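Read the structure below first, then the notes.
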Amino acid sequence: MPDRIIFYPLDVTYKIRNNHAVIYLYGKTAEQRVCVTYAQFQPYFYVEPQTITPQLITELKINPEIVDVQAVTKKNLGRNITLLKVFTQLPQQVPFVKSKLQRHPQIKNCYEYDILFTRRFLMDMRITPLSPIQVTGNFVNDHSKVQVFQAEQFDSAEQTKTDYRILSIDIETYNPKGKGMDVEQPILMIALYGDDYKKVLTWKNIPDCEVFQNEQQMLQRFKEVIEQQKPEILTGYYSDGFDLPYIIARAKKYNLNLDVGLDYSILTDEKRDDIKITGIVHLDVFQFVKHVIGRSLKSGNYKLDSVASELLGERKHPIDIENLAAEWDSNSSRLSQFAAYNLQDTKITFQLCKKLLPNMEELSKIIGLPLFDICRMSFSRLVESYIMNQTAQYNELIPNKIDEQTMRTRRMKTYAGGFVYQPTPGLYENVAVFDFRSLYPTIIISHNISPSSYKCSCCYDVIAETKDWFCKKEKGFLPTVLEDIVTRRAKLKQLLKKDNNIMLEAQSNALKLLANSFYGYLGFAPARWYSFESAANVTALGRKYIQSVITEAEQSGFSVTYSDTDSIFLRLGNTSKEEAHTFVERINAKLQGIMELDYEGFYPAALFVSAKASTIGAKKKYAMLNEHGQLKIRGFETVRRNWSIIAKQIQLRVLEMLLKEKDKEKAVLYVKEMVRAVRAHKIPAEQMIIGTQLTRAIESYGSIGPHVAVAQRMVQKGMSVPPGTIINFIVAEGSGVVRERACSLEEMGKKLYDANYYIDHQIIPSVDRILAVVGVDIKNEVLPQKSLQNFFT
DNA sequence: AGAGCGCGGGG
DNA sequence: GTGTACGCGCTCT
């Protein structure tokens, strides 16, 4: 007698058992974690023959890897197409059989051969991650940490919600000042934070911590806590790139088996930049922030402190982590503050995860992909996955990915982008920023923009600028999918008016995100549904619409400072902030449908710099001062690590002097003074250090940059420089290219740093475009003699 | 000018 | 895992 369970799928994988692909769905019932297996799903793909003949089908069936062939009809961009559905024994045979059949003289093309097997299963079986399903089958014995339920059948179930157990992790490592990630150094603390467990593990006597003899025992305990806490979600901040790879590397050193997977699989970071744990969803909050919500944040960076501060109103503990190594060595009593700092990081990561989870959950359900994938995908991939999920409903064929050559061709072909109101470089006061993102979805829907409706033979209604037209009679697949998103969202908004439910809100956000990403997807070169003509006409129409808003803004007494694809920066002039609000309301009242101008924020000061070698303002490169006196810096590369401390410091001070203090003379004097100090070698060499990461094995470098040259000498001295090492170097005086003069701090000895290099390549580039805005040519200010010298010789 | 390479997040 | 991010800017060749 079979059992029945209500199951919430969280993640999916598959294994080969007895020459058969078996799906392993990991998730939970209302009570506990469970693994559901299913063995009746067969891999397949499609081939398009010249003509379908019984002989061809018979011939294909002789193939040892092919288990069945069926004729099917699908729609391919509006046209019907007859195909053969070719089933193989194993998923990995699909690409193999596809390559073989592609060479067959009677076969024109192959389709859907690169849809991941687990993805195919979810789509075809209509199994939606996180949505409960009724599973009929039996509990069986298997080598697993959770009960395994062998499924015979899946049925729909009542859509109820369940909670997930989250465990947040964060490590602190021994990392003496100035060094990058170095897995040769030990992990000092591991914090874990969940609903029933909030603890810091360490191996020195620190109050309120779980103290171990050594790092190895601490790591062993880390594994135990995961086993005891039984999280469904393990979260961290940049845990894909730091915490987990670090833990894996240290465990490897001690030959410690990190078999945390629910099938006893070992945690590994081999050959991938994300880390998957079988049966436990590893959510790296940073990935989701960076890919999905980053653009909507006020903060210009994605550091944990900034993001938590903005989303939670909670900060990291204000402690200088650079001092940890020294305090550790001296057994300082202040170590408990570092433990508290460590725990705080897991706490805010836990809270961020909880806060963002509804959005991720709804995206996961709407797009039909597991949370693991959702939290790591960029907009275009989210859109593509959503469209792929919709193909079944419309019987559409999924277009193939394209080859490298086509990709290059697509990338070469450009079209006029979104409207860019060229900012006049300048320092402005009272700037209001508006977001105009729902413009493009409306255009795609109302103008039926899609590849299948492009230049139809039945209607002719040209778009003035492009002389193109789109069918008015037959709706294209893509506009249909997009309109469905918009309609669903409109209904949700009605519901939200009555019931301000967090999940409905998240659903609405997910749909908004998809709708707003649709246009970008059409022009995204690797897109399966890429359509140059569609993208080009969307922007052409967009420019028309936006320009009319800009005209209106100007007529209302605002000056437009800057505008690009999705935002407009207005200078208030004599008008007030309230009038800006009124203006937005007035525009919104006129806009049709869901078209909407969002008020993004108000900035008392804003600085726009010019693009390189141009008097036109650079796109997405500006610094603004918000109402709380914080600088919002966008697009300046100097904030990065591979600039010297001195250059970063000078840039920040100059921006502060211009935006906060509004004192350009002071800024110029400051730069001149710093240049003089650099020239006189009054700045300590430490401030001149440029840190660049060695990303691979030293032998594998073709071109030898300054950091590689320094690393080569380190190797000669017998030091180990594994990939990931940050090479700190200083450019010393002398002749030859930069590489020949790059030295580590130790190698500097009595040598002097090359003042000219730092002035020309670090300091001036970090401020020249900023100061150019206020009419200062810093190069001339700093090097006034040059022109005179030329004059006299 | 084109190719090669590193940046972000973490400590 | 039916696999291999992204877009920009610097340095070397």
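These numbers come from a predicted model, not from an experiment.
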- Can you tell me how far P of B:dG11 sits from CG of A:Asp320, to the nearest Å? 12 Å
- Rounded interatomic separation in angstrom, taking CD from A:Glu322 and C1' from B:dG10: 13 Å
- Message: Within the 4.0 Å heavy-atom criterion, would you say A:Ser378 contacts the bases, only the backbone, or no part of the nucleic acid?
- Response: nothing
- Message: Rounded to whole Å, please give me the gap between CG in A:Leu369 and C1' in C:dG1.
- Response: 15 Å
- Query: In whole angstroms, how far is the C1' atom of B:dG10 from the CG atom of A:Asp170?
  - Reply: 8 Å
- Query: Who passes salt bridge (charged side-chain N to carboxylate O under 4.0 Å, His left out) against A:Lys347, sequence neighbours left out?
  - Reply: A:Glu314
- With a 4.0 Å cut-off on heavy atoms, is A:Gln92 in touch with a base, just the backbone sugar-phosphate, or nothing at all? nothing
- For A:Phe524, report the nucleic acid contact type (base, sugar-phosphate, nothing); a contact means any heavy atom under 4.0 Å. sugar-phosphate
- When all nucleic acid strands are considered with a 4.0 Å heavy-atom cut-off, which category describes A:Phe45: base, sugar-phosphate, or nothing? nothing
- Item | For A:Arg381, all residues meeting side chain to side chain donor-acceptor pair (under 3.5 Å), sequence neighbours excluded | none
- Sub-6.0 Å ring centroid separation between A:Tyr246 and A:Phe242: yes
- Gap between atoms CE and P, on A:Met377 and C:dG3 respectively (whole Å): 16 Å
- Task: Answer yes or no: does a side-chain N or O of A:Lys290 lie under 4.0 Å from OP1 or OP2 of B:dG10?
- Result: no
- Looking at B:dG10, does its base get a donor-acceptor pair with the side chain of A:Tyr238 below 3.5 Å? no
- Message: I'd like to check the salt bridge (charged side-chain N to carboxylate O under 4.0 Å, His left out) partners of A:Lys100; sequence neighbours left out, ordered by chain and number.
- Response: A:Glu65
- Those residues that, when tested against A:Asp243, pass salt bridge (charged side-chain N to carboxylate O under 4.0 Å, His left out) (two or more places apart): none
- Task: Taking atom C1' in both C:dA5 and B:dG6, compute the distance separating them and give it to the nearest angstrom.
- Result: 14 Å
- Item | OP1 or OP2 of C:dC6 under 4.0 Å from side-chain N/O of A:Arg381 | yes
- Which part of the nucleic acid does A:Lys316 contact within heavy-atom distance under 4.0 Å: base, sugar-phosphate only, or nothing? sugar-phosphate
- Query: Where the side chain of A:Ile321 is concerned, which of B:dC5, B:dG11, B:dG10 is the nearest nucleotide?
  - Reply: B:dG11
- Message: I need the CD1-C1' distance between A:Ile275 and C:dG1, as an integer number of Å.
- Response: 16 Å
- What's the CZ-P distance between A:Arg376 and C:dC6, to the nearest Å? 16 Å
- Query: Does NZ or CZ of A:Lys85 fall inside the cone over A:Phe45's six-membered ring, less than 6.0 Å from its centre and within 45° of the axis?
  - Reply: no
- Give A:Pro95 one of three labels, base, sugar-phosphate or nothing, depending on what nucleic acid heavy atoms sit under 4.0 Å from its own. sugar-phosphate
- Query: Just how far, in rounded Å, is C1' of B:dG11 from CD of A:Gln185?
  - Reply: 11 Å
- A:Asp170: which of A:Asn342, A:Thr235, A:Thr346 passes side-chain hydrogen bond (donor to acceptor under 3.5 Å, both in side chains): A:Asn342
- Which nucleotide in the set B:dC5, C:dG3, C:dC10 lies at the smallest distance from any side-chain heavy atom of A:Lys401? C:dG3
Expected rows: protein N/O vs nucleotides 11-13 of chain C N/O, under 3.5 Å:
{"residue": "C:dT11", "atom": "OP1", "partner": "A:Tyr757", "partner atom": "OH", "Å": "3.3"}
{"residue": "C:dC12", "atom": "OP1", "partner": "A:Arg739", "partner atom": "N", "Å": "3.1"}
{"residue": "C:dC12", "atom": "O3'", "partner": "A:Arg739", "partner atom": "NH2", "Å": "3.4"}
{"residue": "C:dT13", "atom": "OP1", "partner": "A:Arg739", "partner atom": "NH2", "Å": "3.1"}
{"residue": "C:dT13", "atom": "OP2", "partner": "A:Arg739", "partner atom": "NH2", "Å": "2.2"}

- Message: Measuring only the C1' atom in each nucleotide, how far is B:dG9 from C:dC6? A whole number of Å is fine.
- Response: 15 Å
- Please list, chain by chain and in numerical order, all residues satisfying salt bridge (charged side-chain N to carboxylate O under 4.0 Å, His left out) with A:Asp373, sequence neighbours excluded. none
